[in-house]
Amino acid sequence: MNIDKNKAYILYESDKHKFIWLGWSEGYEEGIVQTNQYLIINNNRGILLDPGGVHLFSKVVSEVTKYIDLDKIEFIFYSHQDPDVSSGISLWLGLTKAKIYVSDLWIRFLPHFGVVNFDRIVGIPSGGMSLSLLNSELVFIPAHFLHSTGNFSCYDTASKILFSGDIGAAVFQKDTYVFVDDFNEHLKIMEPFHKRYMASNIVCKKWVSLVSKYDIKMIAPQHGAIFDKENVKKFLNWLSELKCGVDIIDQIYKA
């Protein structure tokens, strides 16, 4: 699929609902971690998924405003606390009226990102929760220890797209692409990250069992490429069998 990686691309669209990939930031090849940001538009209401850090703020704002006014951004979801995910939180709070959804484990750390008012901060309990939209629902699915201790994925019931955060992430070397085509080739840039960053096979299996209850058409991670079609099942099967983290602790300490 030939997609301009520096421009937004609509992954799903119906009369009242869109799920949009917002493109990549220029310059990540120079040592900046490549990230994916996503925008959901439901009945003219905007929801941002992991809109990123300070470095990406102007780029993401530029792409978002091509589709919706900033004053219509009502919700922002952060999968976890890492700076590439959430260090721009104060800027988004200042520019929008959105409520922020983040693991309740991380709320007390937000002042370190400049957050001083918690009126619009909603803590997601460890068991997860749902956010009702018009003809859709966002389900915040526990993904703890993959890799963060307080971590969530987000499933959109209208588009049937699972935003997986760091789960499914890949670190590009030279060739880049938006959608996974050759799964076995993609493993070469995905497997090392998962072995080092994910806690154990126990939590991999647990997450796969939770998300497998849903009809998933795409898995959209925060880094790397998007899984669709048969690669959704291939990824879930692979992850459920992966030995990582404490499973291979001796290998990690010797590396």
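What's counted below: heavy atoms across the whole structure, side chains too, no hydrogens, waters or symmetry copies.
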Engineer: Quick one, Met198 and Val203 - any side-chain contact, counting heavy atoms below 4.5 Å?
Structural biologist: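 The answer is no; the side chains never approach within 4.5 Å.
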Engineer: In Å and rounded to the nearest 0.5 Å, what is the CD1 to CZ distance from Ile89 to Phe113?
Structural biologist: 8.0 Å
Engineer: Using the ring-ring contact (aromatic ring centres under 6.0 Å, His included) rule, pick out the option among Tyr101, Tyr155, Phe163 that qualifies with Phe140.
Structural biologist: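 Testing Phe140 for a ring-ring contact (aromatic ring centres under 6.0 Å, His included) against Tyr101, Tyr155, Phe163 leaves exactly one candidate, Tyr101.
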Engineer: Please determine whether a side-chain nitrogen of the Lys or Arg among Glu63 and Lys7 lies less than 4.0 Å from a carboxylate oxygen of the Asp or Glu.
Structural biologist: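 Looking at Glu63 and Lys7, the cut-off is not met.
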Engineer: Heavy atoms, side chains only, cut-off 4.5 Å: are Gln34 and Phe172 in contact?
Structural biologist: yes
Engineer: We want to know whether Thr35 and Gln37 form a side-chain donor-acceptor pair, criterion being a heavy-atom distance below 3.5 angstrom.
Structural biologist: yes
Engineer: Using the rule that two of Ile, Leu, Val, Met, Phe, Trp, Tyr join whenever any of their side-chain heavy atoms come within less than 4.5 Å, decide whether Ile161 and Val208 are in one cluster.
Structural biologist: no
Engineer: Is it the case that the side chains of Asp50 and Ser79 hold a donor-acceptor pair, with the cut-off being a distance below 3.5 Å and no angle test?
Structural biologist: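 Ser79 vs Asp50: donor-acceptor pair found between side chains.
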Engineer: Hey, are the side chains of Val180 and Ile226 touching, using non-hydrogen atoms and a 4.5 Å cut-off?
Structural biologist: no
Engineer: Are the side chains of Ile41 and His17 in contact, using a 4.5 Å heavy-atom criterion?
Structural biologist: no
Engineer: Hey, could you give me the CG/CD distance between Leu236 and Glu241, rounded to the nearest 0.5 Å?
Structural biologist: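 Answer rounded to 0.5 Å: 12.0 Å.
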Engineer: Taking the side chain as every heavy atom from C-beta outward, state whether Asp247 and Ile202 have any atom pair closer than 4.5 Å.
Structural biologist: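 SC-SC contact between Asp247 and Ile202 ruled out.
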Engineer: Do Glu185 and Lys188 meet the salt-bridge criterion of a basic N to acidic O distance under 4.0 Å?
Structural biologist: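 Between Glu185 and Lys188 there is a salt bridge, with a charged N closer than 4.0 Å to a carboxylate O.
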Engineer: Classify the ring geometry between Phe235 and Trp207 as parallel (under 30°), tilted (30 to 60°) or perpendicular (over 60°).
Structural biologist: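 Taking Trp207 first and then Phe235, their aromatic rings stand perpendicular (interplane angle over 60°).
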Engineer: If you look at every heavy atom in Ser126 and Pro142, which pair is closest and at what distance?
Structural biologist: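 Smallest interatomic distance, heavy atoms only, reads O-CG, 3.4 Å.
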Engineer: Ile141 versus Phe152: any side-chain heavy-atom pair under 4.5 Å?
Structural biologist: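 Not in contact.
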Engineer: Under a 3.5 Å threshold, yes or no: a donor from one side chain and an acceptor from the other, between His144 and Asn151?
Structural biologist: no
Engineer: As a test of understanding, state which of Ser240, Cys244, Ser209 forms a side chain to side chain contact (heavy atoms under 4.5 Å, CB included) with Cys204.
Structural biologist: Cys244
Engineer: How close do Leu239 and His194 get, counting heavy atoms only, and between which atoms?
Structural biologist: CD1-CD2, 4.0 Å
Engineer: Does the side chain of Val61 reach to within under 4.5 Å of the side chain of Leu70, using non-hydrogen atoms?
Structural biologist: yes
Engineer: Atom CG in Leu22, atom NZ in Lys66: separation rounded to 0.5 Å?
Structural biologist: 9.5 Å
Engineer: Taking the inter-plane angle between the rings of Phe227 and Phe183 on a 0 to 90° scale, is it parallel (under 30°), tilted (30 to 60°) or perpendicular (over 60°)?
Structural biologist: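 Ring orientation of Phe227 relative to Phe183: tilted.
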Engineer: Does Ile219 share a hydrophobic cluster with Val139, counting links as ILVMFWY side-chain heavy atoms below 4.5 Å and allowing steps through other members?
Structural biologist: yes
Engineer: Just verifying a value: how many Å separate Phe77 CZ and Ile100 CD1, rounded to the nearest 0.5 Å?
Structural biologist: 11.5 Å
Engineer: For a quick check under 3.5 Å, do Gln81 and Ser103 share a side-chain donor-acceptor pair by atom type?
Structural biologist: no
Engineer: Pairing donors with acceptors under 3.5 angstrom, does anything connect the side chains of Asp181 and His186?
Structural biologist: no
Engineer: Which word best sums up how the rings of His112 and Phe109 line up, parallel for under 30°, tilted for 30 to 60°, or perpendicular for over 60°?
Structural biologist: tilted
Engineer: Would you say the ring centroid of Tyr78 lies under 6.0 angstrom from that of Trp106?
Structural biologist: no
Engineer: Could you tell me whether the side chain of Leu48 reaches within less than 4.5 Å of the side chain of Phe75, counting heavy atoms only?
Structural biologist: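 Not touching, per the 4.5 Å side-chain cut-off.
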Engineer: Check Gly150 against Leu105 and note the closest heavy-atom contact, atom names and distance.
Structural biologist: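 Nearest heavy atoms, Gly150 then Leu105: CA-CD1, 3.8 Å.
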Engineer: Give a yes or no answer on whether the side chain of Thr96 reaches the backbone of Trp92 with a donor-acceptor pair at less than 3.5 Å.
Structural biologist: yes
Engineer: Start with the C-alpha gap between His223 and Asn36, add the side-chain angles, then the distance that decides, and say whether side-chain hydrogen bond (donor to acceptor under 3.5 Å, both in side chains) holds.
Structural biologist: CA-CA 6 Å; His223 307 281; Asn36 300 311; over 6 Å; no
Engineer: For Ile167, is there any backbone N or O sitting under 3.5 Å from a side-chain donor or acceptor partner on Ser164?
Structural biologist: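 Answer holds: yes.
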Engineer: Do Glu137 and Asn135 meet the criterion of a side-chain donor-acceptor pair at a distance under 3.5 Å?
Structural biologist: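 Looking only at side-chain atoms, Asn135 and Glu137 do not form any donor-acceptor pair under 3.5 Å.
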